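Since the structure comes first, as C-alpha cells, the remarks are kept for the end.
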Number of protein chains: 2
Amino acid sequence: MTASKGEPAGGEAAADDTRPDTRTGGGGEDVPVDTVAAVVGQWRAVHPGLDTGPMEIIGRINRCAALLQQAEDAPLRRAGLSRAEFDLLGALRRTGRELTPSELARETFSSGAAVTKRLKQLTERALVDRRGDDRDRRVAHVRLTDAGRDLVDAVLPDQLAYERAVLSGVDQGAQDGLAGLLGELLVRLEGRPGAVRF
Amino acid sequence: MTASKGEPAGGEAAADDTRPDTRTGGGGEDVPVDTVAAVVGQWRAVHPGLDTGPMEIIGRINRCAALLQQAEDAPLRRAGLSRAEFDLLGALRRTGRELTPSELARETFSSGAAVTKRLKQLTERALVDRRGDDRDRRVAHVRLTDAGRDLVDAVLPDQLAYERAVLSGVDQGAQDGLAGLLGELLVRLEGRPGAVRF
DNA sequence: AGCAGGTGTTTTACTCGTAAATATTTTGCC
DNA sequence: GGCAAAATATTTACGAGTAAAACACCTGCT
C-alpha cells in the first residue's frame with residue numbers, strides 16, 4: 001500500500017489464535033497453515049455454501065504483497081527514500097533517458113498530482129533535474145542528477161539482496177513456478193489479448 | 001493504501017511502449033510479456049551484472065495486488081464501503097463474536113488509531129455497536145448490528161463473484177498451483193517455523 | 001493503602017495520495 | 001486567423017493512515 005504503509009490486507013485477514021496454526025494432514029503429520037487459510041476457514045464455517053476459491057489466491061497475493069512491501073521498505077528508508085520516490089527515480093534510471101511528468105506517472109502507476117509533488121521534493125534534494133521542452137512549452141523533461149543516479153545504483157543491489165533473502169526459504173523450483181504463474185495471471189489482469197498466434 | 005488507493009506499484013513498474021509487448025519464442029510464435037517482465041528487461045539492459053530473479057516474483061506480486069485491489073474496490077464502492085471498512089466488518093462477521101479494538105487491529109493488520117477512526121464512522125452509520133467491558137473499563141467490545149451483518153452478507157457474494165470473474169481467464173490447474181505456492185511463500189513470510197514433523 | 005509500571009484506547013500532528021478545479025499551451029477545424 | 005477542444009502540469013481541498021503522546025484504567029508490589 002501506499003506504499004510506505006504497513007498494512008493493506010485483503011478482504012480477508014488474520015487468524016484468531018496466536019500460535020502457529022497447523023492442520024493435521026492425511027498422514028498424521030502437521031502441515032503449517034497460513035493466515036489466509038485460517039481466515040478462509042472462518043468464512044466457510046459461517047457461510048458453508050460459499051465458493052471461497054478466489055480468496056485462496058487473491059487473499060494470499062494481497063497478504064504477500066503487504067508483507068513484502070513492509071520488508072522492502074527497510075533498505076529504502078535507510079537511504080532516506082520512500083518506495084514511491086524510489087519508483088520514480090528507478091523509472092528514470094532504467095529507461096536511461098529523460099521522462100516527462102506524464103510519462104513518469106504512467107511508469108509508476110500513479111496520478112499526475114502525486115508525481116508533481118514528488119518531483120518537487122526530489123528536485124529540492126537535487127536528485128532530479130528539470131528543463132522545459134522548447135517545442136511544447138507545456139511539457140517538462142525530468143532527468144536524474146549524478147547524485148540521483150548514484151543513489152539508485154547504490155540502493156538497488158541492497159534492495160535485490162534483501163529480496164533474495166526474503167525468498168531464500170522457498171526452493172528454486174517453487175520460485176520459478178511462482179514467477180511463471182504470476183506472469184500468466186498478470187498478463188490476464190493487464191487486459192492483454194492472449195498470445196498472438198499465427 | 002488505504003487499501004482504496006489505486007496504485008502501489010512495486011519497485012519496478014510499467015513498460016515503455018504502449019502496444020501489447022511480445023517476445024518471439026523459440027518456435028517463432030509470439031509470447032505475451034507482462035509489464036514486470038518488460039521492466040526487468042530494462043534493468044538488465046542498464047545493469048547487466050544484476051541478478052534480477054527476485055523482481056520477477058516480488059514485482060509481479062505487487063503489481064497483481066495493485067490491479068486486483070483496484071478491481072475489487074468496485075463492488076465495495078457500490079455498497080458504500082472502503083476496503084478497510086469491509087475488512088473490519090468482515091473480521092466481525094467471520095469470527096462470529098464481539099471483538100475489542102485491539103483484536104480488530106490484529107485481525108485487519110492495521111494500527112489501533114486507524115481502527116478507532118473507522119469504528120467511529122461505522123458506529124455513526126449504525127453498522128457496528130459498542131459496549132464497555134464491566135470487568136475492565138479500558139476495553140470496549142464491538143459487534144455488528146443487524147444492518148452491518150446484512151450488509152456484509154450482501155456484499156460478500158458479489159465480491160467473490162467479482163473475484164471469480166477476474167480469475168476466469170486462468171485455468172484451474174494454474175489457479176491451484178498459484179494458491180499452493182503462494183501459501184508456501186506466505187508461511188515463510190509470516191515467520192512460522194517450517195512444517196512440524198515428528 | 002499507595003504508587004510504579006503496564007495495557008487498551010483515543011487524540012494530536014503530520015504525511016501523502018487523490019479528485020477536481022485551474023492555468024497554460026497546443027491542435028484541429030471552420 | 002480564430003476559436004473550441006484536447007493535452008500537460010500544477011494547485012487546492014480533503015480524506016485516511018501513521019507514529020507518538022496522552023489518557024484512562026488495571027495489576028502487582030511493598
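This is a predicted model, so every value here is computed, not measured. Convention: sequence-line order gives letters A, B, ...; per-chain numbering from 1.
- For A:Ser111, counting side-chain heavy atoms from C-beta on, the closest listed nucleotide (C:dG8, D:dT18, C:dT18) is C:dT18.
- Atoms CG (B:Asp87) and P (D:dA16) sit 15 Å apart, rounded to a whole Å.
- When the side-chain nitrogen and oxygen atoms of A:Arg130 are compared with OP1 and OP2 of D:dT10, one or more of them lie within a distance under 4.0 Å.
- If you find the closest nucleotide of DNA chain C to B:Asp136 and to A:Asp136, the one lying nearer the 5' end belongs to B:Asp136.
- The side chain of B:Gln121 contributes an N or O atom lying less than 4.0 Å from OP1 or OP2 of D:dA16.
- Under 4.0 angstrom from either OP1 or OP2 of C:dG17 there lies at least one side-chain N or O belonging to A:Arg118.
- Comparing D:dG17, C:dT10, C:dT26 against the side chain of B:Pro101 picks out C:dT10 as the nearest.
- Taking only side-chain atoms of B:Ala113, from C-beta outward, the nucleotide of D:dA19, C:dA19, C:dG8 with the closest atom is D:dA19.
- Atom CG of A:Leu88 and atom C1' of C:dG17 are 14 Å apart (whole Å).
- Ionic pairing of B:Arg60 and A:Glu184 is not present here: no N-O contact between side-chain nitrogen and carboxylate oxygen is shorter than 4.0 angstrom.
- Between the base of D:dA24 and the side chain of B:Arg138 there is no donor-acceptor pair shorter than 3.5 Å.
- Remark: the A:Lys117 side chain and the D:dT11 base include no donor-acceptor N/O pair separated by less than 3.5 Å.
- The side chain of A:Thr116 has D:dT10 as its nearest neighbour among D:dC25, D:dT10, D:dG17.
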